[in-house]
Number of protein chains: 2
Amino acid sequence: MARKPLTNPRKQASQARSRVTVDALVDATARILVRDGYDKASTNRIADMAGVSIGSLYQYYPSKEALVAAVIDRHNRQIMRRVRTVLTEIASLPIERAVRRLVAFAIEAHRIDPRLHRVLAEQIPRVGRLENVEALNREGYALFRDYLESRRDELRVRDLDLAAFVCATSIEALTHSAVLYHTEMLRDAEALIEETTRFISGYLQPTSV
Amino acid sequence: MARKPLTNPRKQASQARSRVTVDALVDATARILVRDGYDKASTNRIADMAGVSIGSLYQYYPSKEALVAAVIDRHNRQIMRRVRTVLTEIASLPIERAVRRLVAFAIEAHRIDPRLHRVLAEQIPRVGRLENVEALNREGYALFRDYLESRRDELRVRDLDLAAFVCATSIEALTHSAVLYHTEMLRDAEALIEETTRFISGYLQPTSV
DNA sequence: GTGGAAGGCGAGCTATCGCTCATACCCTAT
DNA sequence: ATAGGGTATGAGCGATAGCTCGCCTTCCAC
């Protein structure tokens, strides 16, 4: 079951001029994915929108999948940078406040570019970037697990790995679903944040109320 | 923003012979989606696998998307039938037992054909079946909400709609993720069910412990 | 038993896809 | 100022996609 299509860049751009080209290509790929979807995102069209010839495209990326992978990787790097920042910020906060901050962050993050987020979420599996994404997910769990570890004696949960999985997966699903499919909920985002916080911290803490 | 590609069947099969043909087409589409993915699922290939000519394929479905939509609709009907059954079964159960049953069911349901479930989940948006799926989701929420309503005085949650959304989304996300991306968790499925049940019913009930 | 509708067939059309390659321009180190 | 690698170009190739259309077969009401 050998994976044929190479999804890694072909060569590094070394001069400033070509770095512009590469950026334009990745940007154009993202824009077309959002505007037209994966099927309509042909390499010719991407090159066109980037204002670059098809030949140049293939200088840097061996396939359409490689371009999509580049968009995914870039997006994930941005998200993970934010995630790390937030998790550092909450390190010293008590559980409920920490959870509230995390939930608010998750909503913000989904709101940045919901349509790109959605298209990428859909395309990740077929571009073989699942492993990378899973790796980042696991990093996220691990970071949150560390936080839980530091508050262990305030928790009622036993298995911290499991708890981190439960919390992270739920927060992501709830915010994802609310932002993408139930936008009416965001009219009162406070209520959503409040309820989710109660949900999660009620699970973690012995009995808050 | 008119949707061009028609995704509805072209005509109803009236004779037994043609119903067989239509079934074969939908089956073949599902099998090819699972085996080769959406990109490789050409109409020629589908007709081939169904043992039917492309001409016949286009008698009943105007496009590849329509076929995928047919698979999605059929799959969703099956799932929803089960969901309704389970929600009827749990109607008389106390909260914790009801939630446990629901969680166990969700895992079962995801395990039936995980790969088909996954491919369909990925393809739903591009086939414009989102509305249908959302409608079914909402039916699911509503049914669960009815259950909550019947146990209102045992609950500590105020907004039942919100609570139903929170519970349903979380259960689906946790079981989905566990079955598709963290299969190692299923080695001890009991633990997962137990924890999720604690998670959800702890949120719903005043203070169980 | 026959005529018309329902069903089935598949060669082949057009469009577009991903991608290559021969050619030419730009930049920088010497 | 020039050599030579880095960069950019786009016509066009072979493959395959979705899909049509003219024709044949099967079914069924009468």
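Every chain is numbered from 1 and lettered A, B, ... according to where its sequence line falls, protein lines coming before strand lines.
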Exercise. Under 4.0 angstrom, heavy atoms only, what part of the nucleic acid is A:Arg19 near: base, sugar-phosphate, or nothing?
Worked result: nothing
For this session: Answer with base, sugar-phosphate or nothing: what part of the nucleic acid does A:Tyr61 contact at a heavy-atom distance below 4.0 Å?
Result: nothing
Pair [X] + [Y]: basic N to acidic O under 4.0 Å:
| X | Y | value |
| --- | --- | --- |
| A:Arg74 | A:Asp23 | no |
| B:Arg138 | B:Glu134 | yes |
| A:Glu184 | A:Arg187 | no |
| B:Arg100 | B:Glu194 | yes |
| A:Glu108 | A:Arg82 | no |

Exercise. Between B:Ala16 and B:Thr43, which is nearer to the 5' end of DNA chain D once each is assigned its nearest nucleotide?
Worked result: B:Thr43
Problem set entry | Earlier contact from the 5' end, DNA chain D, for A:Tyr60 and A:Asn44 | A:Tyr60
Exercise. Is the shortest side-chain N/O distance from A:Ser42 to OP1 or OP2 of C:dC17 below 4.0 Å?
Worked result: yes
For this session: Using a cut-off of strictly less than 4.0 Å, decide whether B:Arg10 has a side-chain nitrogen or oxygen near OP1 or OP2 of C:dA6.
Result: no
Seminar exercise, completed: The first and last nucleotides of DNA chain D lying within contact of chain A, meaning any atom under 4.0 Å from one of its heavy atoms, run from D:dG6 to D:dA11
Exercise. Would a distance-only check, ignoring hydrogens and angles, find a side-chain to backbone donor-acceptor pair under 3.5 Å from A:Ser150 to A:Tyr147?
Worked result: yes
Problem set entry | Any B:Tyr61 side-chain heavy atom under 4.5 Å of B:Asn8 side chain | no
Exercise. How does protein reach along nucleotides 21-30 of chain C, written 5' to 3' as B (base within reach of a heavy atom under 4.0 Å), S (only sugar-phosphate), or - (no contact)?
Worked result: B----SS---
For this session: Let me know the distance between NZ of A:Lys40 and P of C:dG18, rounded to the nearest Å.
Result: 13 Å
Exercise. Rounded to whole angstrom units, what separation is found between the CG atom of B:Asp48 and the P atom of C:dC9?
Worked result: 11 Å
Exercise. Do A:Tyr38 and B:Tyr38 have ring centres separated by under 6.0 Å?
Worked result: no
Problem set entry | Distance-minimising heavy-atom pair for A:Arg45 and A:Ile32 | O-CD1, 3.6 Å
